[in-house]
Amino acid sequence: QVQLVESGGGLVQPGGSLRLSCAASGSSINIYNMHWDRQAPGKQREWVATITTGGTTIYADSVKGRFTISRDNANNTVSLQMNSLKPEDAAVYYCSAKGLYWGQGTQVTVSS
């Protein structure tokens, strides 16, 4: 099994940027497709982005062109670069391995 810890969340103004990080331990992430999901208060968890073991990236339409998912297998981390943030991006962001193992999440607040 793999343990995941997200970090990098915080408060940012609309139009700003944040970079989230997901640190893995207990297993190498190179064997897993990795994902970022988010959940806003009162809303269902929403899939945001995926990066496969081969490096292919896929994005939800709501974030395409603004967010970039990447992986650093040597350091066993996955990142989510978020640009041009909108108020509707505010949520707790979670990373997962294979959609089975999840971190505790990191809060992203977008407000002026």
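What you see is a predicted model, and the numbers here were worked out from it, not measured in a lab. All heavy atoms count here, side chains included; hydrogens, waters and symmetry mates do not.
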Next on the checklist: Using 0.5 Å steps for rounding, measure from the CG atom of Asn76 to the CG atom of Asn30.
Outcome noted: 7.5 Å

Item to check | Glu6 versus Cys95, closest heavy-atom pair with distance | outcome: OE2-N, 2.8 Å

Checklist entry - Looking only at heavy atoms, which two atoms of Val78 and Ile69 are closest? And how far apart? => result CG1-CG1, 4.0 Å

Pair up each side-chain donor or acceptor in residues 100-112 with any protein partner under 3.5 Å, not counting sequence neighbours, and list the distances.
unit_1	atom_1	unit_2	atom_2	d
Trp102	NE1	Gly99	O	3.4
Thr106	OG1	Gly9	N	3.1
Gln107	NE2	Ala91	O	3.4

Checklist entry - Which value, rounded to the nearest 0.5 Å, describes the distance between Leu80 atom CG and Thr68 atom OG1? => result 8.0 Å

Next on the checklist: Do Ile58 and Tyr32 sit in one hydrophobic cluster, given that two such residues count as connected whenever their side-chain heavy atoms are within less than 4.5 Å of each other, even indirectly?
Outcome noted: no

Next on the checklist: To the nearest 0.5 Å, what is the distance between CD on Gln81 and CG on Leu18?
Outcome noted: 8.5 Å

Checklist entry - Can you name the nearest heavy-atom pair linking Trp47 to Tyr59, along with the distance? => result CH2-C, 3.5 Å

Checklist outcome for this item: Looking only at heavy atoms, the pair that brings Leu4 and Ala24 closest together is CD2-CB, 3.6 Å

Checklist entry - Do Asp89 and Lys86 meet the salt-bridge criterion of a basic N to acidic O distance under 4.0 Å? => result no

Next on the checklist: Any non-hydrogen side-chain atom of Arg38 less than 4.5 Å from a side-chain atom of Leu20?
Outcome noted: no

Checklist entry - Can you name the nearest heavy-atom pair linking Trp36 to Cys22, along with the distance? => result CZ2-CB, 3.7 Å

Checklist entry - About how many Å separate OH of Tyr94 and CZ of Arg45, when rounded to the nearest 0.5 Å? => result 8.5 Å

Next on the checklist: Could you measure the distance from the CG atom of Asn83 to the CZ atom of Phe67? Nearest 0.5 Å is fine.
Outcome noted: 8.5 Å

Checklist entry - If you measure from CG on Asn33 to OG1 on Thr53, what distance do you get to the nearest 0.5 Å? => result 5.5 Å

Checklist entry - Hey, does Ser62 have a side-chain heavy atom less than 4.5 Å from the side chain of Glu46? => result yes

Next on the checklist: With a 4.5 Å cut-off on side-chain heavy-atom distances among I, L, V, M, F, W and Y, is there a chain of contacts connecting Val92 to Met82?
Outcome noted: no

Checklist entry - Closest approach of Met34 and Arg71, non-hydrogen atoms and distance? => result CG-NH2, 3.8 Å

